[in-house]
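The block underneath contains the structure these notes are about, expressed in structure tokens.
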Amino acid sequence: MAENNAFVVIGAGLIGICTALELTHRGCKVTLIDSGKPGRGASFGNAGFIASELVDPLSTPDTIRKAMPMLVNPHGALSIPLRNLHRSLPWMVRFAFSARSQAVARGRDALAQLLTTAVPAWQALLDRERLSNHLHRSHYMRVWERAQGKAAALAERNFYNDWGIEAQFAEREQVSALEPALDGQISHAVLLPNAHRLSDPYQVSQLLFKRFQERGGQFLQGHVESLRPNEHGVQLAVSGSKQLFDKAIICTGAHSSELLRSLNVTVPLMAERGYHLNLPSVKNLITGPICSAERNVFISPLQDGLRIVGFSELGGVTLPENPARYETLKHHLGALLPQTKPHLEQASRWMGMRPTLPDSLPVIDSLPHAPCIGFAFGHQHAGITLAATTSQLIADRMTKGVDAMNMTPFRINRF
Ligand SMILES: Cc1cc2nc3c(=O)[nH]c(=O)nc-3n(C[C@H](O)[C@H](O)[C@H](O)COP(=O)(O)OP(=O)(O)OC[C@H]3O[C@@H](n4cnc5c(N)ncnc54)[C@H](O)[C@@H]3O)c2cc1C
């Protein structure tokens with residue numbers, strides 16, 4: 001075993017679990033710390049989709065143009081709670097600034113670089129852990145109910161093809177043939193025939209966490225209050241006690257800026273909140289994930305039932321959830337798949353916080369003046385997609401000091 005390899009990974013979401021597991025695989029001694037139970041943060045209730053096609057940053061001229069109609073629509077996907085405006089306003093200014101054409105072009109290159117590795121990285125990880133049956137390949141459709149959306153769908157198909165992503169335009173009949181449950185609702189779609197998803201993101205996180213423990217990884221439940229580099233390594237204050245490790249990696253998702261303050265590092269991170277309804281009694285209604293381009297909701301057929309997710313609520317980490325969001329999700333699901341209506345009242349509810357930076361890029365880096373501290377957070381809507389990729393990249397940096405790709409776009413000090 002190499003020297004200086006006692007790692008602490010802070011945050012047991014899917015990014016932290018994959019990172020901790022990767023480090024144990026490389027022979028490191030790893031402690032994984034979380035203030036709660038592993039996998040119960042944003043990694044719990046997401047749609048489990050491997051979104052390799054999310055090459056566009058969230059901030060583009062098109063997103064900015066659509067923001068106002070979404071805000072005024074009572075069932076719109078965007079919400080800016082007034083009680084968090086003092087935090088969301090500066091973030092939104094940076095977000096709007098990221099919609100400049102040069103910034104969008106840079107963002108696309110950086111995201112594409114990561115996203116092309118997402119499926120191979122998941123396949124390699126799950127094969128190695130003998131869990132490959134938890135990665136499913138299926139079609140994925142972005143659907144439109146109104147025929148006016150044909151030009152938008154064609155433009156989207158062309159965009160995907162330009163980025164090397166297989167995508168086709170599908171008329172109503174083809175959509176109905178692939179997903180009979182949508183019959184009559186849909187005008188047309190963009191069909192991605194080779195998409196991937198996890199069987200259930202929480203279940204996968206638990207299986208990977210178990211593998212981590214089987215490899216000798218330690219889990220400690222505790223809240224990390226601060227961390228500081230010193231001549232011996234990194235000192236953590238965890239739930240009132242002090243702990244020393246050789247190296248630390250911060251994987252604390254939407255909560256990362258709180259911890260970074262103890263390192264005098266500031267990042268403009270937003271907790272971009274999303275909601276889900278899960279219908280355990282609805283199984284096999286659809287065969288692949290479906291996203292409504294007009295309603296901005298995503299429906300995923302998971303192992304434990306049908307899940308609808310949606311919303312971009314710039315609510316930060318402290319506000320309570322807004323129950324009205326669940327009514328909106330019911331409204332959209334009932335309209336798209338009327339067969340679900342009898343099951344809507346029994347659906348389980350969940351709100352989670354996407355860690356989103358204004359340029360839509362994660363931070364995957366080490367601290368320039370103290371490289372014993374690493375970062376892997378800020379994966380916005382693609383943290384499940386990029387968990388396996390990120391774990392490789394941050395483990396390469398922290399164990400070997402090498403990078404497998406150009407990591408400049410993901411620097412901690414880029415803001
Ligand atoms: C509705 C919704 C749908 C989504 N769908 C998808 C999808 O289909 N595909 C996709 O790729 N992504 C999706 N995402 C995004 C994805 O869920 C996130 O990007 C991802 O889960 C982030 O993982 P993480 O490990 O960084 O954070 P988290 O899972 O939130 O984990 C962070 C962990 O850090 C812990 N923590 C924080 N601070 C401390 C501290 N000081 N001390 C100790 N522990 C701490 C927390 O308790 C938590 O367990 C979706 C998100 C939402 C909300």
Side-chain angles (χ1 to χ4, degrees), residues 8-20 32-54 77 114-115 118 122 140 195-198 200-202 204-205 208-209 219-227 236-239 248-262 269 271-278 289 291 296-300 302 307-313 315 317 321 325 329 349-357 360 362-364 375-391:
V8 61
V9 175
I10 311 168
L14 207 49
I15 301 285
I17 292 172
C18 289
T19 299
L32 177 61
I33 305 188
D34 200 293
S35 28
K37 293 204 165 83
R40 304 294 302 200
S43 302
F44 177 76
N46 58 76
F49 185 54
I50 307 301
S52 309
E53 84 295 350
L54 281 188
L114 289 177
L115 291 166
W122 267 113
Y140 159 53
H196 290 78
R197 65 191 154 87
L198 297 181
D200 181 291
Y202 178 62
V204 169
S205 77
L208 293 175
F209 177 68
F219 177 68
L220 176 66
Q221 191 163 344
H223 185 73
V224 180
E225 284 125 21
S226 66
L227 74 169
L236 262 63
V238 190
S239 300
I249 305 180
I250 299 179
C251 303
T252 40
H255 297 270
S256 298
S257 18
E258 297 149 45
L259 210 44
L260 294 184
R261 254 175 245 133
S262 64
L269 186 67
E272 191 201 344
R273 294 139 49 115
Y275 290 73
H276 94 201
L277 287 178
N278 202 60
C291 178
N296 291 294
V297 290
F298 191 102
I299 307 171
S300 208
L302 294 173
R307 181 170 294 173
I308 178 167
V309 304
F311 279 107
S312 170
E313 185 182 72
V317 291
E321 64 178 31
R325 307 284 171 249
L329 289 180
R349 302 161 166 216
W350 174 83
M351 184 273 284
M353 300 174 195
R354 305 179 191 94
T356 304
L357 289 153
S360 309
V363 172
I364 308 171
F375 309 96
F377 65 88
H379 292 75
Q380 41 110 345
H381 296 229
I384 304 311
T385 306
L386 292 173
T389 292
T390 300
S391 66

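Counting starts at 1 for both ligands and their atoms, in listed order. Values reported hereafter were calculated over all heavy atoms of this structure, with side chains retained and with hydrogens, waters and symmetry mates removed.
- Selection from G253, A12, A42 by nearest heavy atom to atom 30 (O) of ligand 1 gives A42.
- With R354, H276, Q221 as candidates, the residue nearest to atom 2 (C) of ligand 1 on a non-hydrogen basis is R354.
- Using a 4.0 Å heavy-atom cutoff, G222 is listed among the residues neighbouring ligand 1.
- The N/O atoms of H255, backbone and side chain alike, include none that comes under 3.5 Å of an N/O atom in ligand 1.
- Which of F44, F49, W350, F311 comes nearest to atom 7 (C) of ligand 1 through a heavy atom is settled by distance: it is F49.
- Checked by atom type, the side-chain pair T390/H379 shows a donor-acceptor distance below 3.5 Å.
- Evaluated by nearest non-hydrogen atom to atom 47 (O) of ligand 1, the leading choice among I17, D34, I33 is D34.
- Remark: minimum distance from atom 24 (P) of ligand 1 to any protein heavy atom is reached at I15 CG1, 3.7 Å.
- A donor-acceptor pair is defined here as one N or O able to donate and one able to accept, closer than 3.5 Å; such a pair exists between the side chain of W122 and the backbone of I384.
- When the heavy atoms of P355, P201, G13 are ranked by distance to atom 22 (C) of ligand 1, first place goes to P355.
- Selection from G16, A237, C251 by nearest heavy atom to atom 32 (C) of ligand 1 gives C251.
- In this structure, R40 falls outside the shell of residues with a heavy atom less than 4.0 angstrom from ligand 1.
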